[in-house]
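Encoded as structure tokens, the structure appears first; notes follow it.
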There are 2 protein chains.
Amino acid sequence: MDGRPATDQPSPWMPFENRRRARDEKREAVLRTAVQLFLEQGYHRATLNEVAERLNITKPALYNYFRSKEDILFECWALGQEQVDGFIAAIDGSRQTGLGKLRALVHSYAETMATDFGASLVRFDPRDLSPANAKIVRAAKRGIDQTFRRYIAEGIADGSIKPCDPKMAAFAIAGSLNWIGHWYQRGGELTPDAIADDFAERLTEGLATAASKRPARKPPPTKTKKSAAKAPTPRKKNNTKRNTPGRTA
Amino acid sequence: MDGRPATDQPSPWMPFENRRRARDEKREAVLRTAVQLFLEQGYHRATLNEVAERLNITKPALYNYFRSKEDILFECWALGQEQVDGFIAAIDGSRQTGLGKLRALVHSYAETMATDFGASLVRFDPRDLSPANAKIVRAAKRGIDQTFRRYIAEGIADGSIKPCDPKMAAFAIAGSLNWIGHWYQRGGELTPDAIADDFAERLTEGLATAASKRPARKPPPTKTKKSAAKAPTPRKKNNTKRNTPGRTA
DNA sequence: TGCTTATATTACTCACGGGTAAGAAAAAGT
DNA sequence: ACTTTTTCTTACCCGTGAGTAATATAAGCA
């Protein structure tokens with residue numbers, strides 16, 4: 001609260017905070033491990049024994065941090081949803097045309113789909129959750145859908161987007177984006193950033209009115225500036241898994 | 001083989017064929033029931049006991065027709081894949097521009113996604129299959145992906161499609177389509193035909209060159225001819241489930 | 001009518017994995 | 001040093017659901 005002497009003082013409170021922090025770090029570690037395993041093997045095939053094993057502990061230890069397997073699943077989902085809520089709030093607060101907001105949404109959403117917690121939003125099955133949690137998830141999904149439709153409707157209203165059915169447009173766009181969560185895997189040739197750039201353009205160009213069109217599409221062989229710049233990301237060590245071996249479906 | 005007297009003759013072969021047919025019909029009935037249950041509840045939550053129960057038989061009876069639960073899953077998938085193979089072969093054999101083929105593919109694929117067996121192509125998890133079957137599925141998925149890319153490349157070559165990256169375009173389009181299998185449900189306000197028409201146009205308009213553009217987009221409120229004509233499909237009896245309550249994700 | 005084969009049932013096995021109980025080991029607090 | 005609390009382990013329970021064995025029933029067939 002008030003100005004306590006820096007961090008090195010042996011305040012009686014420090015250990016307490018340390019413990020809290022340590023606990024939260026362990027919780028997070030569990031979630032990181034769990035989300036990876038769930039994505040790798042699928043929720044039902046993944047066992048808590050293996051989650052624990054990867055953390056060098058045993059299964060019952062997990063129950064110090066979570067009430068059940070389903071609880072872990074839900075928390076993984078919640079972390080992904082938090083990201084989405086975050087950038088939607090930011091875009092909502094920005095001053096842009098409907099088309100601009102839609103582009104920003106597509107971009108951020110695409111990037112999120114390329115993260116573990118983001119992918120969990122579309123790869124986890126709400127039917128694995130308790131009724132109460134499933135309800136929360138359904139509400140959140142509805143919220144995302146309505147955000148897409150709202151931006152499109154706004155764009156039509158402000159003239160940046162051609163008149164069209166917001167519902168179908170939202171379905172088509174969200175489908176493309178959600179599918180990223182199914183095919184993207186780290187270490188492939190496509191970086192999240194490059195994907196986000198490409199999709200932001202690709203999924204909105206068809207909707208833009210002539211007045212609000214982007215300058216021009218970059219010529220084919222040239223990689224986009226941003227992705228080219230960020231492309232030489234230091235590859236993860238033993239990532240032999242190649243990306244996109246041809247799995248559209 | 002040769003011209004046996006019509007169907008009413010008490011040929012000694014008839015009973016045999018009848019039995020064969022009866023058996024195949026039962027097999028199909030199992031698959032229809034199973035695919036519905038698997039889609040409803042998810043493969044892991046669905047039990048063979050319930051599949052059997054819905055057929056008014058008991059679980060072990062199923063093992064007269066299938067070797068395992070996984071076998072049933074795979075056969076459901078195979079029926080969907082058969083549909084896809086069918087229309088791809090037809091389109092491959094047709095004389096059209098790349099864009100034309102792509103449109104046809106999108107249309108047929110969208111319609112298929114609105115069927116149970118079609119949806120099973122994207123909603124069943126290949127990791128639930130034996131390694132051998134999983135391999136078959138992976139190969140088939142690759143085939144579909146490459147068909148999309150091929151038509152796009154053809155379109156670029158013949159000038160009907162603007163130069164673009166076939167890989168990314170295919171991902172975007174297939175994502176939209178595959179997602180139909182996740183949100184579509186019978187009895188909703190959107191008919192498969194209307195969806196297919198809309199998507200065929202929506203997902204290809206952005207790729208078309210100026211020279212090959214379609215006449216014009218139909219005005220918003222008017223339903224398309226085809227869908228309006230086919231719309232009054234006799235609704236299934238107790239289908240209270242409403243479609244698209246706002247689930248984009 | 002009896003013989004054979006296909007099909008179904010009842011009653012069971014069994015592996016698996018989520019979750020719990022009891023208590024050890026470590027850390028924090030005094 | 002002693003107590004208390006947190007964290008973790010070993011050892012277990014137990015529901016579930018796929019798959020099987022033994023057997024009954026029904027249908028083809030002579």
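Every chain is numbered from 1, with letters handed out A, B, ... down the list of sequences.
Counting any heavy atom pair closer than 4.0 Å across all strands shown, A46(B) reaches sugar-phosphate atoms only and no base atom. No engagement by A52(B) is indicated, since no non-hydrogen atom pair under 4.0 Å with the nucleic acid exists. At the heavy-atom level, Y65(B) lies under 4.0 Å from the strands shown only through sugar-phosphate atoms.
Under 4.0 angstrom from either OP1 or OP2 of dC8(D) there lies no side-chain N or O belonging to T58(A). A close approach under 4.0 Å does occur between a side-chain nitrogen or oxygen of R23(A) and OP1 or OP2 of dT7(D).
Counting heavy atoms from C-beta on, the side chains of F124(A) and L39(A) come closer than 4.5 Å.
Exactly one of V122(B), L129(B), D128(B) qualifies for a side-chain contact (heavy atoms from CB on, under 4.5 Å) with D125(B). That residue is D128(B).
As a whole-Å value, the separation of L55(B) CG from dA8(C) C1' is 13 Å. When rounded to the nearest whole Å, the span between CZ of R45(B) and P of dA18(D) equals 13 Å. Regarding L48(A), its CG atom lies at a distance of 13 Å from the C1' atom of dC16(C), rounded to whole Å. The interatomic distance linking D24(A) (CG) with dT6(D) (P) rounds to 15 Å, in whole Å. Per the geometry, NZ belonging to K69(B) stands 8 Å off P belonging to dG19(D), to the nearest Å. Put simply, CD1 on I57(B) is 16 Å from P on dA26(D), counting in whole angstrom units. Here dC12(D) presents its P atom at 16 Å from CG of N49(A), a figure rounded to the nearest Å. Taking atom NE2 of H44(B) as the reference point, atom C1' of dG15(D) lies 17 Å away to the nearest angstrom.
Judged by the 6.0 Å distance and 45° axis criteria, R149(A) is positioned over the aromatic ring of F171(A).
The base of dG19(D) is paired with the side chain of K59(B) by a donor and an acceptor separated by under 3.5 Å.
Separation of atoms NZ (K26(B)) and CZ (R23(B)) is listed at 9.0 Å; rounding is to 0.5 Å.
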Determine, stepwise, if the pair D24(B) / Y65(B) fulfils side chain to side chain donor-acceptor pair (under 3.5 Å). CA-CA 9 Å; D24(B) 284 355; Y65(B) 305 99; over 6 Å; no

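Closest to the side chain of S68(A), out of dT20(C), dA18(D), dG19(C), is dG19(C). In the set dG18(C), dT7(C), dA21(C), the nucleotide with an atom closest to the side chain of K26(B) is dT7(C). Considering only the side chain of N64(B), dT7(C) comes nearest among dT7(C), dA11(D), dA18(D). In this structure, the nucleotide among dG19(C), dT9(D), dT9(C) sitting nearest to the side chain of Y63(A) is dG19(C).
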